[in-house]
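Below you'll find the structure, written out as structure tokens, and then a few comments.
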Amino acid sequence: QHNPHWWGNRNTIVHLFEWKWSDIAQECESFLGPRGFAGVQVSPVNENIIAAGRPWWERYQPISYKLTTRSGNEEEFGDMVRRCNDVGVRIYVDVLLNHMSGDFDGVAVGTAGTEAEPRKKSFPGVPYTAQDFHPTCEITDWNDRFQVQQCELVGLKDLDQSSDWVRSKLIEFLDHLIELGVAGFRVDAAKHMASEDLEYIYSSLSNLNIDHGFPHNSRPFIFQEVIDHGHETVSRDEYKDLGAVTEFRFSEEIGNAFRGNNALKWLQSWGTGWGFLPSGQALTFVDNHDNQRDAGAVLNYKSPRQYKMATAFHLAFPYGISRVMSSFAFDDHDTPPPQDAQERIISPEFDEDGACVNGWICEHRWRQIYAMVGFKNAVRDTEITGWWDNGDNQISFCRGNKGFLAFNNNLYDLSQDLNTCLPAGTYCDVISGSLIDGSCTGKSVTVNENGYGYIHIGSDDFDGVLALHVDAKV
Ligand code: QV4
């Protein structure tokens with residue numbers, strides 16, 4: 001279940017973290033479809049506890065499988081899926097199969113009004129009772145398989161997926177989403193569940209809904225959240241044949257490289273050469289909603305110059321199933337999404353350039369990022385050729401004869417003739433500008449009969465990357 005069921009030549013998933021369903025529907029029609037995005041990962045859809053201050057993470061504490069959250073209700077969800085599929089944008093849902101909510105004093109009331117008593121492991125909305133869960137214990141040793149898979153991740157009541165009842169409820173929930181037209185799932189905390197149990201669940205799911213344009217016998221796409229930095233007892237390899245796996249080493253290493261901790265010249269062997277999973281099994285990202293909040297090597301929107309360069313490399317190098325992050329502004333781990341005085345999530349608003357202004361960051365609307373989504377579509381099915389580097393932090397490469405990229409992460413200019421591998425002509429650099437009515441608003445590069453062009457990226461240019469492709473010829 002590794003096929004994401006993309007439409008046409010599309011290639012990139014965007015995580016619209018905490019967005020409302022009605023806003024995503026609108027975004028599919030007005031932005032994602034026209035810009036060639038392949039799909040959206042949406043926040044959890046099923047009912048969750050209500051935590052004080054409404055942190056984003058309350059959605060990782062389920063109460064029932066009713067489809068009502070702060071993002072909207074079932075009707076709005078269904079409407080979104082249909083409208084996105086209609087413009088060729090797939091929907092992937094973040095699903096919580098590992099656990100229900102953590103402790104809560106007294107009776108908890110969820111986002112759909114359902115009551116539960118998490119302390120007693122009583123979730124009548126499903127229903128689950130104590131016998132559907134593993135006994136309570138804490139994970140203290142992350143290299144102890146029993147603890148990782150049968151104790152409670154941060155105190156979240158740990159479901160027993162070997163039980164027939166639990167399996168049937170999870171399958172029913174996922175099948176309901178398939179019926180509504182989704183293309184697949186991000187499986188949260190997959191590492192905390194035995195791979196045999198997941199295999200049973202995935203293989204029991206219905207085929208995708210043909211009324212939403214999926215071919216007969218299409219299997220749901222599965223990508224599993226397994227954090228494996230190497231040398232872990234529970235490893236990514238146990239899951240990779242069941243579906244794709246989040247490749248966290250990609251995120252850490254790309255952050256290291258573009259922060260300047262590792263020379264860009266080494267990226268020539270990027271991918272399996274770096275110990276990453278085979279391309280078709282790897283879900284790749286510069287940052288995700290968890291690790292963008294941690295200090296460390298991982299880049300996020302707060303370092304925009306490096307972040308845009310890393311994203312350009314991510315989308316230009318033919319490795320992995322790409323996902324880009326679309327965040328809201330945060331100060332700390334608990335910052336809620338943009339919300340009003342009644343704690344309702346607010347809709348994104350845009351300035352005249354299309355950038356988000358009211359607390360939403362919308363990296364996917366940064367020109368340097370959506371232009372690379374277009375680049376990836378334009379160069380699909382080509383290989384890396386013509387690699388060049390200066391032995392340090394200046395690199396360039398071609399994607400067949402359809403695209404060319406150059407990066408300068410040195411503190412001095414990159415100025416020289418380089419092989420772009422492109423047919424002769426003048427091309428618009430889609431990073432510094434756009435091709436509008438046949439003229440380029442940024443840098444232009446003229447390519448001669450031999451495929452060479454003069455490339456300039458000043459060390460103090462606004463962006464440290466330049467990108468040309470055949471669909472942006474002046
Ligand atoms: C607290 C204490 C615990 C204690 C518990 C007991 O910290 O030590 O046992 O109380 O009551 C929130 C709070 C957390 C609290 C917990 C339970 O932050 O302090 O525990 O609720 O009340 C998200 C957030 C968590 C959040 C959780 C549930 O990141 O902060 O916890 O949602 O709301 C590992 C896993 C990996 C996981 C990653 C974060 O292998 O699978 O940690 N990633 C996924 C999601 C992530 C999500 C979860 C898993 C849980 O990507 O966003 O956690 O669904 O690496």
Side-chain angles (χ1 to χ4, degrees), residues 15 17-18 41-63 69-70 92-106 108 110-111 116-121 133-159 161 170 185-195 198 223-230 232-236 238-239 245-249 251-252 283 285 287-296 298 300 323 325 327-328 330 332-337:
H15 180 192
F17 182 45
E18 287 285 70
Q41 177 187 319
V42 302
S43 283
V45 294
N46 59 303
E47 179 173 20
N48 58 265
I49 59 153
I50 295 173
R54 312 308 301 266
W56 61 273
W57 47 254
E58 70 171 36
R59 298 183 68 169
Y60 292 84
Q61 303 205 30
I63 286 280
T69 62
R70 284 213 290 170
Y92 308 96
V93 178
D94 194 350
V95 292
L96 309 156
L97 312 182
N98 177 60
H99 54 260
M100 298 299 280
S101 81
D103 282 345
F104 195 92
D105 289 328
T111 48
E117 289 186 82
R119 238 176 240 288
K120 296 185 182 159
K121 302 185 180 177
F133 295 83
H134 289 131
T136 290
C137 51
E138 212 182 314
I139 306 177
T140 52
D141 177 359
W142 283 75
N143 272 314
D144 180 327
R145 176 179 300 274
F146 177 86
Q147 290 188 19
V148 170
Q149 299 193 323
Q150 303 210 20
C151 292
E152 295 174 348
L153 170 63
V154 291
L156 301 164
K157 303 304 171 193
D158 200 64
L159 286 165
Q161 294 82 13
L170 295 177
F185 307 104
R186 169 201 185 258
V187 178
D188 184 74
K191 180 185 191 172
H192 301 275
M193 295 177 272
S195 57
L198 290 177
F223 59 105
Q224 307 163 95
E225 190 223 9
V226 176
I227 304 178
D228 181 351
H229 309 280
E232 322 252 341
T233 303
V234 182
S235 89
R236 62 184 188 184
E238 299 170 31
Y239 300 88
V245 171
T246 50
E247 183 48 279
F248 277 80
R249 297 179 213 182
S251 168
E252 287 146 16
L283 193 289
F285 48 96
D287 60 333
N288 81 346
H289 72 279
D290 289 324
N291 72 12
Q292 69 171 187
R293 289 174 162 67
D294 303 335
V298 172
N300 65 20
R323 176 181 67 193
M325 181 69 205
S327 318
F328 59 81
F330 63 85
D332 60 38
H333 186 74
D334 298 339
T335 306

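Order of appearance sets the numbers: ligands from 1, and atoms from 1 within every ligand.
The residue Glu138 has no part lying near ligand 1, judged by heavy-atom distances below 4.0 Å. Using a 4.0 Å cut-off between heavy atoms, Arg186 contacts ligand 1 through its side chain alone, with no backbone atom that close. At a heavy-atom cutoff of 4.0 Å, ligand 1 is contacted by no atom of Asn288, backbone or side chain. At a 4.0 Å heavy-atom cut-off, ligand 1 does not touch Glu152 at all.
Between Trp56 and His333, the angle of the ring planes goes over 60°, which puts this pair in the perpendicular group of the 30/60° scheme.
There is no protein heavy atom closer than 4.0 angstrom to atom 14 (C) of ligand 1. There is no protein heavy atom less than 4.0 angstrom from atom 8 (O) of ligand 1. Distance screen at 4.0 Å: atom 33 (O) of ligand 1 has a protein heavy-atom neighbour inside the cut-off.
The shortest N or O to N or O distance between His99 and ligand 1 is under 3.5 Å. The distance criterion of under 3.5 Å between nitrogen or oxygen atoms is met by Trp57 with respect to ligand 1. Between Asp103 and ligand 1, not a single N/O pair is under 3.5 Å apart.
In this structure, atom 22 (O) of ligand 1 lies nearest to the protein heavy atom Gln61 NE2, 3.5 Å. Nearest protein neighbour of atom 42 (O) of ligand 1, counting heavy atoms only, is Leu153 CD1, 4.2 Å. Looking from atom 25 (C) of ligand 1 to the surrounding protein, the closest heavy atom is His333 NE2, 4.0 Å. The shortest contact between atom 37 (C) of ligand 1 and any protein heavy atom is with Glu225 OE2, 3.6 Å.
Across Glu18 and Ser43, no two heavy atoms sit closer than the pair N-OG, 2.9 Å. Taking both residues in full, the closest heavy atoms of Ile63 and Asn48 are given as CG1-C, 3.7 Å, listed atom of the first, atom of the second, then distance. For the pair Ala108 and Pro118, the tightest heavy-atom approach, listed with the atom from each and the gap, is CB-CD, 4.1 Å. The shortest non-hydrogen separation linking Asp287 to Met325 is OD1-CB, 3.4 Å.
At least one test fails for Arg186 against the ring of Tyr92: distance under 6.0 Å to the centre or angle within 45° of the axis. A cation-pi arrangement, defined by a distance under 6.0 Å to the six-membered ring centre and an angle within 45 degrees of its axis, is absent between Arg236 and Phe223.
At least one side-chain heavy atom of Met100 sits less than 4.5 Å from a side-chain heavy atom of Pro62. Within the 4.5 Å cutoff, no side-chain heavy atoms of Arg59 are placed close to those of Asp94.
Heavy atoms of His192 come nearer than 4.0 angstrom to ligand 1 in at least one pair. For the ligand labelled ligand 1, residue Gly155 lies inside the 4.0 Å heavy-atom shell.
Here the shortest heavy-atom distance to atom 3 (C) of ligand 1, taken over Val154, Asp188, Asp290, belongs to Val154. Atom 29 (O) of ligand 1 has its nearest heavy-atom neighbour, among Phe248, Trp142, Trp56, in Trp56.
Under the 4.0 Å criterion applied to side-chain N and carboxylate O atoms, Asp103 and Lys157 are assigned as salt-bridge partners.
Applying the 4.0 Å criterion to heavy atoms of Ile227 picks out, from ligand 1, the atoms 55 (O). For ligand 1, the atoms sitting less than 4.0 Å from at least one non-hydrogen atom of Ala189 are 41 (O), numbered in the order shown with element in parentheses.
Among the candidates Trp57, Tyr60, Phe330, the single residue satisfying the ring pair (Phe, Tyr, Trp, His ring centres under 6.0 Å) test with His289 is Tyr60.
Proximity of a side-chain donor or acceptor of Gln224 to a complementary backbone N or O of Val245 within less than 3.5 Å is not detected.
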